Amino acid sequence: MYDKIAEFYDKLGWKNYPERLWKHIVSYFKEINFNPRTHLDIACGTGILCINAFKAGIKSEGLDISIHMIRKAIENAKDKNMDINFVQEDMRSFEMNKKYDLITCTYDAINHLLTLDEWLMTFSNVKKHLNYGGIFIFDCNTLKALRERWNGFHMQKDSNGNYIIQKSIFCEDKGQASATFTVFTRRDKDLYNGFEETFTEAAFSSKDIIDVLNKVGFTEVSITNMEFKMLDEPDEEYRNVYVCK
């Protein structure tokens, strides 16, 4: 997964989401007077969230199942002269032999796990690695998002002349959607690099997710938007952000 896309991930503008989210995280932490000293980002991708946490004076680490993403994260950190530890690990079974004040999992990475049992494994592992009084933040696509945004054909061209073609299909009975991304990144005026990857995501109701979080020991769970404003009807949104204690 993400073998081909890792090299172009940031160039396609997908690094913008974790950068925006981190700004909202910082504002939210100021509101609740939370000052984490250590941070672990699971499914860290190209390391953007870790880099932003490091800039904020937090000792940050990242893990991802894709060695290609890990290599890109290491490269990004070195480019900024940052000493950040990145390791190839599976979010369902990682063992870091330490605990953290803050653990994150963003940009709907959790949706790549296709069963609630896998979500439970991940949440249980996160709880084991979280310090007392620590916070776990993750976001996910909702069933509404997969049903309406991962079902059909979409094409977009960014300001740099890169093309992204998304062909998706949603299976209502499984609560899963598969999307094939065909990407053309501009190399020169009339030359492009092209590649294609297919991803499958699963979504679950907010009630099912909260039940699983409670089962592993998270007793305080809030569902918010990206700006950490509480949602009255989270299942009617496209993306939910969970804050778990």
Side-chain angles (χ1 to χ4, degrees), residues 1-26 29 36-113 118 121-122 125-126 128-131 134-140 158 160 162 164 181 183-187 192-199 201:
M1 187 183 296
Y2 290 97
D3 291 353
K4 299 175 184 176
I5 211 168
E7 180 183 351
F8 305 99
Y9 193 91
D10 293 343
K11 295 177 184 177
L12 293 169
W14 291 343
K15 69 175 183 177
N16 296 337
Y17 177 82
E19 288 180 338
R20 293 199 310 271
L21 181 62
W22 180 254
K23 292 178 181 178
H24 293 304
I25 288 175
V26 170
F29 286 170
R37 294 174 297 174
T38 55
H39 166 237
L40 175 66
D41 190 28
I42 63 176
C44 66
T46 61
I48 302 303
L49 207 66
C50 291
I51 288 170
N52 279 273
F54 189 93
K55 286 180 183 176
I58 301 169
K59 183 174 176 54
S60 183
E61 299 181 77
L63 65 86
D64 200 286
I65 197 169
S66 168
I67 189 60
H68 299 277
M69 290 296 238
I70 289 297
R71 288 169 181 163
K72 189 62 181 176
I74 292 171
E75 178 185 318
N76 284 341
K78 284 185 176 179
D79 285 346
K80 298 183 179 297
N81 295 314
M82 294 180 178
D83 183 18
I84 300 176
N85 181 43
F86 292 104
V87 295
Q88 183 186 17
E89 290 279 355
D90 189 323
M91 70 173 104
R92 295 165 293 189
S93 58
F94 68 91
E95 179 53 71
M96 301 298 285
N97 296 309
K98 64 180 78 170
K99 294 189 176 186
Y100 302 85
D101 297 331
L102 170 66
I103 298 179
T104 54
C105 181
T106 66
Y107 215 176
D108 55 270
I110 191 75
N111 290 102
H112 289 307
L113 304 181
E118 291 181 299
M121 291 167 63
T122 300
N125 214 17
V126 166
K128 183 178 71 173
H129 285 80
L130 199 62
N131 278 325
I135 293 179
F136 172 42
I137 294 175
F138 72 94
D139 66 42
C140 61
D158 66 18
N160 296 316
N162 302 313
I164 303 174
F181 291 88
V183 178
F184 297 97
T185 59
R186 175 167 283 186
R187 189 173 65 189
Y192 289 81
N193 291 315
F195 64 92
E196 189 170 86
E197 284 207 41
T198 299
F199 305 102
E201 290 198 357

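All figures in this text were calculated on a predicted structure; none of them were measured in a lab.
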message: Going by ring-ring contact (aromatic ring centres under 6.0 Å, His included), name the pairs with one or both residues in residues 70-97, residues two or more places apart or in two chains.
response: Phe94-His129

query: Looking only at heavy atoms, which two atoms of Ile42 and Cys105 are closest? And how far apart?
result: CG1-CB, 3.4 Å

message: For a quick test of reading the model, state the closest non-hydrogen atom pair linking Glu89 to Glu95 and the distance between them.
response: OE1-N, 4.3 Å

query: Distance-only, no hydrogens or angles: does the Asp64 side chain make a donor-acceptor pair with backbone N or O of Ile70 under 3.5 Å?
result: no

task: Of all the heavy-atom pairs spanning Met96 and Asn85, show the shortest one and how long it is.
output: CE-ND2, 4.4 Å

task: Locate the shortest heavy-atom distance separating Leu49 from Thr106; write the atom from each residue and the value.
output: CD2-CG2, 3.9 Å

query: So, for Met91 and Ile110, which heavy atoms are closest and what is the spacing to 0.1 Å?
result: SD-CD1, 4.1 Å

The single option from Ile84, Ile137, Thr104 passing side chain to side chain contact (heavy atoms under 4.5 Å, CB included) against Asp41: Thr104

Glu75 with Lys72: basic N within carboxylate O range, under 4.0 Å: yes

message: Taking Ile65's backbone N and O only, do any of them form a donor-acceptor pair with Gln88's side chain (distance below 3.5 Å, no angle check)?
response: yes

- line: The side chain to side chain contact (heavy atoms under 4.5 Å, CB included) partners of Ser60 (sequence neighbours excluded) come to His39, Cys50, Ala53

query: Okay, side chain of Thr38, backbone of Lys59: is any donor-acceptor separation there less than 3.5 Å?
result: no

- prompt: Which atoms form the tightest heavy-atom contact between Ile51 and Lys80, and what is the distance?
  reply: CG2-CD, 3.6 Å

